[in-house]
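Per chain, numbering begins at 1; letters A, B, ... match sequence-line order. Since this is a predicted model, take the numbers as computed values, not measurements.
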Amino acid sequence: MLVQNLAILVLAGFVGFAVISKVPNTLHTPLMSGTNAIHGIVLLGALIVLGLGATGTLDQILLVIAIAFGTINVVGGFLVTDRMLGMFKAKEPRE
Amino acid sequence: MLVQNLAILVLAGFVGFAVISKVPNTLHTPLMSGTNAIHGIVLLGALIVLGLGATGTLDQILLVIAIAFGTINVVGGFLVTDRMLGMFKAKEPRE
Amino acid sequence: MADTQNIVVGVPRESAPGERRVALVPRVVGRLRSAGLNIVVEPGAGGGALMSDWLYEEAGATLGDPWACDVVVKVAAPTDEEIGRLKPGSVLIGFLGTNVADALATRDVHGLAMEAIPRISRAQAMDALSSQSSVAGYLAALLGAQHLTRFYPMLTTAAGTVPPAKVLVLGAGVAGLQALATARRLGAQTTGYDVRPEVAEQVRSVGAKWLDLGIEAVGDGGYARALTDEERAEQLKRLNEAVIGYDVVITTAQVPGRKAPVLVTEDSVTAMRAGSVVVDLAGESGGNCELSVPGEAVVRHDVTIVAPLNLPAAMPESASELYSRNVQALLELLIADGRLKLDFDDEIIASACVTRRS
Amino acid sequence: MADTQNIVVGVPRESAPGERRVALVPRVVGRLRSAGLNIVVEPGAGGGALMSDWLYEEAGATLGDPWACDVVVKVAAPTDEEIGRLKPGSVLIGFLGTNVADALATRDVHGLAMEAIPRISRAQAMDALSSQSSVAGYLAALLGAQHLTRFYPMLTTAAGTVPPAKVLVLGAGVAGLQALATARRLGAQTTGYDVRPEVAEQVRSVGAKWLDLGIEAVGDGGYARALTDEERAEQLKRLNEAVIGYDVVITTAQVPGRKAPVLVTEDSVTAMRAGSVVVDLAGESGGNCELSVPGEAVVRHDVTIVAPLNLPAAMPESASELYSRNVQALLELLIADGRLKLDFDDEIIASACVTRRS
Amino acid sequence: MSWLQDPVTIQCLYIVAFALFIYGLMGLTGPRTAVRGNMLAAVGMAIAILATALTPGMGNWWLILLGVVLGTAIGIPAARKVKMTAMPQMVALFNGVGGGAVALVAWVEFRQTHGFAGEPAHVSIATLFAALIGSVSFWGSNVAFGKLQEILPGRPISVGRLQQPLNLLLLVLGVACGVAVVAGGTSEWLMIGILVSSALLGLMVVLPIGGADMPVVISLLNALTGLSAAATGIALDNTALIVAGMIVGASGTILTNLMAKAMNRSIPAIVAGGFGGTGGPSSSGPTDKIVRQTSASDAAIQMSYARQVVVVPGYGMAVAQAQHAVREMAKELESKGVAVYYAIHPVAGRMPGHMNVLLAEADVPYEHLKEMDEINGEFSRTDVALVIGANDVTNPAAHTDPGSPIYGMPILNVNESKSVIVLKRSMSPGFAGVDNDLYYDPRTSMLFGDAKKSVSAVVEELRAL
Amino acid sequence: MSWLQDPVTIQCLYIVAFALFIYGLMGLTGPRTAVRGNMLAAVGMAIAILATALTPGMGNWWLILLGVVLGTAIGIPAARKVKMTAMPQMVALFNGVGGGAVALVAWVEFRQTHGFAGEPAHVSIATLFAALIGSVSFWGSNVAFGKLQEILPGRPISVGRLQQPLNLLLLVLGVACGVAVVAGGTSEWLMIGILVSSALLGLMVVLPIGGADMPVVISLLNALTGLSAAATGIALDNTALIVAGMIVGASGTILTNLMAKAMNRSIPAIVAGGFGGTGGPSSSGPTDKIVRQTSASDAAIQMSYARQVVVVPGYGMAVAQAQHAVREMAKELESKGVAVYYAIHPVAGRMPGHMNVLLAEADVPYEHLKEMDEINGEFSRTDVALVIGANDVTNPAAHTDPGSPIYGMPILNVNESKSVIVLKRSMSPGFAGVDNDLYYDPRTSMLFGDAKKSVSAVVEELRAL
Ligand SMILES: NC(=O)c1ccc[n+]([C@@H]2O[C@H](COP(=O)([O-])OP(=O)(O)OC[C@H]3O[C@@H](n4cnc5c(N)ncnc54)[C@H](OP(=O)(O)O)[C@@H]3O)[C@@H](O)[C@H]2O)c1
Ligand SMILES: NC(=O)c1ccc[n+]([C@@H]2O[C@H](COP(=O)([O-])OP(=O)(O)OC[C@H]3O[C@@H](n4cnc5c(N)ncnc54)[C@H](OP(=O)(O)O)[C@@H]3O)[C@@H](O)[C@H]2O)c1
Ligand SMILES: NC(=O)c1ccc[n+]([C@@H]2O[C@H](COP(=O)([O-])OP(=O)(O)OC[C@H]3O[C@@H](n4cnc5c(N)ncnc54)[C@H](O)[C@@H]3O)[C@@H](O)[C@H]2O)c1
Ligand SMILES: NC(=O)c1ccc[n+]([C@@H]2O[C@H](COP(=O)([O-])OP(=O)(O)OC[C@H]3O[C@@H](n4cnc5c(N)ncnc54)[C@H](O)[C@@H]3O)[C@@H](O)[C@H]2O)c1
């Protein structure tokens with residue numbers, strides 16, 4: 001189990017390295033913002049821990065906050081990225 | 001187990017895609033040869049099946065052939081690649 | 001400007017020998033007409049520039065006596081006889097030089113000298129010195145090519161390779177830079193020299209090399225100052241050495257209000273390769289070359305020395321066209337609310353007016 | 001080749017009026033000397049090209065009577081008087097034309113005409129027609145620039161923008177291509193025209209546009225053939241229309257052995273803009289322009305028409321240098337084993353020899 | 001842990017999700033595909049969340065809903081309303097809360113398992129790593145946000161020479177608590193110790209860094225958050241978390257490097273700034289007026305998305321002899337369907353016709369050269385005016401400032417175009433020696449450097465697009 | 001299966017191994033890093049084999065040794081002795097035996113488990129997939145080898161219009177046998193059916209493909225072998241196999257695409273050739289003499305590794321107006337430390353000084369222009385002579401063939417340089433209308449196309465290096 005997760009970890013690392021090669025400067029910030037949105041996946045961790053029955057008020061409060069945090073990260077992240085990328089969208093056809 | 005292997009499979013595919021982007025034509029053949037050597041890894045399959053106790057003469061003969069095949073693939077593959085890459089090695093310093 | 005109909009501008013035929021330019025070309029006449037001015041052109045005024053009278057008429061000018069007009073535009077300075085024909089209270093525009101101010105003042109004519117317009121940004125459109133220098137620089141490079149017994153460009157042919165000519169320009173002002181650029185276009189290897197060190201960058205910006213002799217002499221208003229005797233001796237010594245390797249030497253060095261400095265001595269000429277050329281654009285103010293005969297092309301020590309006078313007149317249409325535009329810009333400054341008015345508070349008019357000081 | 005000492009080559013001073021070239025320049029004299037030839041130069045032979053006698057002496061020539069030598073090299077055809085001074089059995093090299101063959105044959109002199117050398121690959125180094133045409137083409141573009149009353153290049157200045165001149169070259173042989181390339185270097189917009197359609201690609205290869213009038217006339221040996229009367233009329237009609245828009249028209253059209261075709265009529269000239277220029281390089285064979293006065297620059301209908309004769313002589317050093325190399329290459333062909341020998345089996349010598357046929 | 005028995009479908013959905021992440025990320029690296037890439041990644045996220053929701057045994061739905069509604073209610077307006085100029089700090093904030101979520105989950109994990117009693121070592125190590133990094137990221141990002149939002153002062157704040165030892169101490173403290181837990185310690189104070197010391201560490205490291213370096217720091221923290229997510233994934237044995245977190249960790253590292261390189265800074269130097277080094281503040285002119293700098297690749301993108309670009313050459317192009325490079329650039333742009341013209345000012349350069357000579361040398365067709373009067377009407381229809389080494393001929397003072405030596409000179413109205421990019425080496429004035437207000441215009445950005453080098457760099461970027 | 005209980009170390013070694021594969025592969029994509037990349041991948045392979053050997057319970061050592069020794073004894077000499085020109089078929093052979101190994105292992109697996117009795121479905125499916133693909137790869141590769149080695153005739157061999165239905169039939173047969181096995185069939189004939197039908201398929205698909213397309217086919221088969229290895233990995237639950245196989249599968253697919261693109265062919269078209277389409281043979285001149293073609297990127301690499309390059313311009317450069325591009329190329333080369341000169345033949349072009357005018361326009365310094373006499377001594381010291389649209393002026397017939405119209409003309413002795421690259425549009429002759437033997441010289445390679453386009457392509461490749 002662990003070793004397979006390790007294999008996955010290493011492979012994912014290579015994917016991350018290989019995907020980002022030459023990025024124009026203008027895309028640095030949107031790209032940062034996009035990857036930022038992706039690590040909003042931590043939301044899953046909070047969901048699982050709370051959903052699969054965390055008990056205790058403090059724990060539940062902490063987890064609700066964590067879920068809220070994660071949601072902000074995901075929702076805000078993707079939205080903000082999309083807005084930043086606006087300049088690449090508003091492309092009318094050229095004659 | 002299977003699903004994690006699937007995850008690994010998918011990730012490895014992405015790595016393969018991402019790694020090969022722009023390759024100069026001269027490197028096409030060496031690169032093909034290099035990847036060819038890497039799939040010599042099938043040798044491992046033959047080793048495991050034979051090593052972990054395949055029985056029966058036919059099976060053993062088949063596996064010995066498979067191991068020989070795999071070894072040829074590995075050894076020959078890397079050597080030939082290296083020879084092809086000779087042109088990139090013999091670089092004297094320029095003044 | 002429709003009520004400027006009462007202002008009449010006269011364009012005489014140039015009387016100076018060899019002067020083929022004209023102060024206004026038909027195209028600019030047309031523009032001034034649509035700005036509401038009346039133009040009177042002396043018959044044959046454009047003849048030197050191969051522009052016939054009917055071109056002027058087509059552009060809206062009338063043929064007649066230009067001297068009786070409110071404004072008379074000329075290229076060269078007028079003769080005494082011509083001054084006598086000017087209407088009192090009128091304005092005369094042209095390269096007036098230093099000799100006519102008194103005569104004009106006597107006749108109560110305001111003289112505006114094109115060469116005295118200050119070289120400030122606002123006056124660039126009226127800067128006839130620059131526009132005519134451009135023409136001169138271009139033609140100087142061509143003159144060099146024409147008199148040189150060799151090719152400017154490198155040429156590899158079945159009959160062997162001709163090396164590129166080396167062209168040196170002494171004095172890299174407006175004319176010098178244009179000469180450098182033109183010679184380079186034709187394939188020559190170009191080098192520039194000047195006493196103002198800031199010119200080095202400008203010389204390089206037209207693809208030429210900079211000849212550094214280590215002498216600096218920056219004067220006022222972007223012009224050079226005269227050198228001291230010591231500097232002059234030093235400069236000559238170093239130039240003598242430098243000049244030898246060149247096929248064409250074009251000189252344009254001027255110091256305002258003085259005789260042009262001597263940059264190419266007889267010794268230098270003697271040392272130059274046979275068949276080489278010196279083009280001396282400073283002929284009018286005495287020449288930069290000791291052996292120059294202003295207005296002529298002479299061969300001395302197997303080197304051709306050309307010292308053209310009034311070079312811009314050799315390309316009369318373009319020279320006139322640029323000059324006309326300069327004049328047009330000045331006229332626009334003189335006319336306010338449809339009336340002719342010399343505003344002596346304006347730096348340009350104050351500097352250009354030669355009759356007011358006297 | 002050390003035993004070629006006995007062969008003496010003579011270089012006379014050119015006697016034709018305006019001929020400033022010389023058949024051998026000092027540099028080539030030096031080369032021939034080291035190949036073992038003796039050179040005798042008439043005093044003042046290089047004068048027209050500004051090359052003094054001592055330059056020849058320095059190169060190893062002796063001053064003396066060139067006419068008594070084994071080989072006499074000239075540029076232009078000799079006069080009858082000069083032919084009379086030739087040594088019987090000697091060889092005369094030069095642009096001999098069609099008139100001297102008999103006189104030479106009478107004196108038992110072999111005449112080799114430079115213009116008759118076939119234009120095959122092997123003879124390219126001796127091809128004086130090409131080398132002199134290069135000079136002519138280059139100078140023709142400069143002549144146009146000099147006579148045009150306008151700039152060649154586009155110029156955006158404070159006094160307005162001058163548009164680039166449009167240059168049309170009629171006949172894009174060696175001279176025509178060179179003229180196109182040179183005019184373009186100076187900034188003109190260039191167009192070429194010829195009756196040989198394969199020239200279109202060559203015209204474009206020097207950055208010029210191709211004027212397609214739809215008339216083809218390919219002759220032998222890379223030359224054009226004469227047009228039929230119909231074709232000629234059609235060509236003139238279309239050219240008349242085309243020529244109007246150009247500031248400079250340079251004509252080089254020749255058909256071997258015939259009068260040059262008329263390409264620019266008086267009507268065309270009349271329709272051209274005032275101040276434009278026609279440079280007619282075919283002046284010697286009658287001119288491509290109806291109004292040409294060979295050897296002069298005339299103004300007709302406010303258009304300057306220049307028809308220079310012997311244009312290469314106007315750049316005597318380069319022209320002579322290239323010509324000398326052509327001569328050198330021919331001499332090398334004539335001398336075998338240290339002896340002068342005219343091998344009439346050689347296509348080049350056979351074609352060039354004007355005295356053998358007669 | 002019941003979720004180990006989940007059906008294969010959920011795992012397959014996770015695989016689909018991370019495949020979409022990767023594919024989306026690939027898209028985000030190119031201008032043409034970036035928008036779609038972001039969408040794809042968002043779809044991947046939706047699938048991952050769905051898969052998690054499907055997990056058998058999920059409960060506490062109301063609480064979950066509460067959290068999600070809260071997060072959505074805060075996140076959407078924040079992302080919608082933020083000004084374009086405030087984007088970087090918004091990213092910092094979003095990154096911070098992500099880190100915070102990781103830290104919180106780790107804390108709860110600790111509590112739920114009573115100090116990882118009976119858990120394998122890798123679970124506890126991964127969780128504690130996540131807690132530490134998540135907490136650093138949370139607090140560090142918040143400082144970055146505060147600085148950029150100007151809640152905190154933008155200039156470096158540091159405690160002087162003690163900075164470095166203090167930071168080290170905090171790190172050691174956090175790690176020590178972690179070791180104690182792994183070794184069997186179950187006291188919650190250990191966990192709190194980790195959280196607090198790493199929180200202080202996050203504050204201390206980011207506070208001394210200057211505003212100009214913030215984007216790089218945010219990117220670094222972003223990569224760290226990714227790593228902490230991956231660690232959480234290891235702890236929870238969740239493939240989606242591992243893959244997504246690790247990809248962000250790796251790509252974030254590369255990206256941080258690229259950003260630092262583009263700004264001519266080194267990451268160690270920046271972080272060392274946080275350890276007492278110098279974090280130079282964003283340079284601005286001697287005056288208060290702000291100058292916007294741009295890069296060759298930004299200029300390239302901007303122009304390649306333009307419909308019309310007007311090149312304004314001046315004396316600087318001549319000095320740099322950049323004419324051939326300019327011509328090449330124009331050809332690249334034209335091949336992308338952009339119309340390119342050259343605006344030739346009557347006195348550009350230092351001699352009449354200076355620009356003509358150079359551009360003719362570079363074989364620019366005469367038809368593309370436009371005179372001042374002709375082109376001045378065009379600027380309002382122009383997307384980008386590219387000013388190459390021209391200065392005085394674009395100076396609006398000629399129109400507006402009667403005291404200026406160039407007052408009355410006609411100029412090229414480049415400031416009417418949608419944006420202006422100026423290529424020159426410095427802020428120094430031109431021939432007339434006067435300052436040029438064009439450079440402080442909000443639509444203007446400067447690309448400093450020798451014109452030939454700059455244009456060549458733009459050409460390369462255009463080719464790479 | 002006992003190997004499931006293997007210690008973590010072995011798995012970690014596998015991870016290290018495939019990390020090295022990936023890293024090595026990244027290296028193989030750049031000329032500077034390729035050699036090291038290959039080494040790293042080889043090290044990875046050694047580690048993977050070691051890890052397998054460590055697996056507890058391994059036995060049959062003598063048999064294993066036998067196989068390894070056999071393989072080494074065949075592989076090393078084969079790889080060592082093969083001529084550089086025979087490399088592609090050697091790669092085909094090595095690829096084929098890899099595929100063969102996969103097929104054999106699959107067969108044995110079937111026998112050992114008595115038709116996958118009691119195995120989960122994914123194991124049987126993966127194994128059968130491996131068997132099918134491995135067998136296709138083995139036989140296909142052998143045909144490719146045979147064709148390139150000229151054991152089999154190089155021209156397409158096909159059974160005409162029946163080809164396509166026949167191939168389809170074979171595929172259906174193989175898959176049907178597989179389905180039967182998965183559904184529970186245990187007869188070994190089913191397995192043999194798979195192997196035989198896929199073997200026939202491999203033969204049938206590759207036989208009709210022409211020699212020129214072989215490299216692409218080999219690359220495709222290579223990718224297939226990779227996939228089969230990955231399938232084996234799934235069946236054996238072996239990470240190293242899965243990752244390595246899949247990487248090769250994916251990168252091989254991309255590579256195949258790149259190769260096809262570089263040769264201006266489409267993969268479907270090539271394979272369709274195998275289904276009865278046209279697989280054009282490698283083009284050669286009207287005569288028997290062989291012309292070697294090259295690509296812009298090969299030319300770029302060749303020149304960037306040269307010490308001295310001499311450019312020989314001719315009329316074709318003028319026609320293409322390629323002078324500016326040539327100058328750019330020279331600048332790129334010079335920036336890489338290569339010395340570049342221009343050899344100007346006296347009659348290159350169509351007028352005296354034609355080349356001078358053009359090169360001056362492109363601002364080539366006069367010092368770099370070399371006259372014929374000057375440069376002819378240099379060619380023997382020149383690594384690459386780049387002939388751009390010149391023909392007659394390089395034609396050795398001028399020296400050797402007294403019957404030629406150009407006999408006696410001096411020429412540039414480009415054939416004395418180590419290699420010659422000729423840029424022209426076709427094999428058509430120049431001005432003199434005669435064939436040029438230079439083009440058939442073994443040291444000469446041709447880059448066909450408009451000179452300006454070719455040179456620009458070379459410039460781009462140089463920039464990308
Ligand atoms: N055309 C004429 O006939 C003529 C004659 C005389 C005077 N003038 C005057 O010259 C001026 C012409 O205006 P302009 O806009 O063309 O030039 P400018 O106002 O002189 O400005 C040129 C700019 O180019 C920049 N520069 C210099 N070298 C550079 C390089 N290598 N790379 C990048 N940038 C470089 C300089 O800034 P950095 O130092 O920051 O790089 C400078 O600000 C006018 O004021 C005109 O009146 C013209
Ligand atoms: N220099 C002179 O004064 C002069 C005058 C007259 C004649 N000549 C003769 O001209 C010849 C000059 O020799 P050369 O080697 O320069 O030229 P060449 O022998 O005529 O060969 C030129 C080659 O360029 C190729 N080409 C044409 N357009 C091209 C394009 N756009 N892109 C790429 N390649 C192109 C042609 O092949 P493809 O069609 O296959 O592309 C042709 O084979 C000599 O035979 C000489 O005697 C010279
Ligand atoms: N402000 C403007 O818009 C504007 C307009 C036109 C010209 N100018 C400037 O005015 C300056 C003068 O131009 P000009 O062409 O009329 O000058 P000019 O004709 O008076 O002199 C020509 C050149 O000769 C040089 N010179 C003088 N003495 C010399 C010596 N002993 N040795 C070598 N060189 C010597 C001068 O420095 C000058 O460059 C130029 O720099 C030009 O840029 C400015
Ligand atoms: N083989 C070689 O090595 C070699 C060497 C030199 C020249 N040549 C070729 O010989 C040819 C002739 O060269 P040239 O310059 O001596 O020719 P030329 O002087 O005889 O004629 C000049 C040009 O005028 C053209 N012409 C003739 N009649 C015309 C008409 N009615 N209208 C328009 N154009 C007309 C001709 O086609 C020719 O191009 C050229 O094509 C040149 O390439 C070949």
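- In this structure, chain A has no heavy atom under 4.5 Å from any part of L65(E).
- Proximity to chain A is absent for every atom of F18(E), based on heavy atoms less than 4.5 angstrom apart.
- Interface remark: T52(E) contributes side-chain atoms only to the contact with chain A (heavy atom separation under 4.5 Å).
- Contacts of M26(E) with chain A are made by both backbone and side-chain atoms, with heavy-atom separations under 4.5 Å.
- Contact count against chain E (heavy-atom pairs under 4.5 Å) is highest for T81(A) among L43(A), T81(A), V75(A).
- Interface summary for chain E: among L9(A), L79(A), V49(A), the most heavy-atom pairs under 4.5 angstrom belong to L9(A).
- Within the structure, the ring-ring contact (aromatic ring centres under 6.0 Å, His included) test picks out the following pairs touching residues 60-111 of chain E (sequence neighbours left out): F110(E)-F116(E).
- Contacts of V82(E) with chain A are made by both backbone and side-chain atoms, with heavy-atom separations under 4.5 Å.
- Between Q308(E) and V338(E) the shortest side-chain heavy-atom distance does not fall below 4.5 Å.
- The most heavy-atom pairs under 4.5 Å with chain A, out of V248(E), V69(E), L66(E), come from V248(E).
- Contact of A41(E) with chain A is made through backbone and side chain together, with heavy-atom distances under 4.5 Å.
- The closest side-chain heavy-atom distance from L28(E) to L27(A) is not below 4.5 Å.
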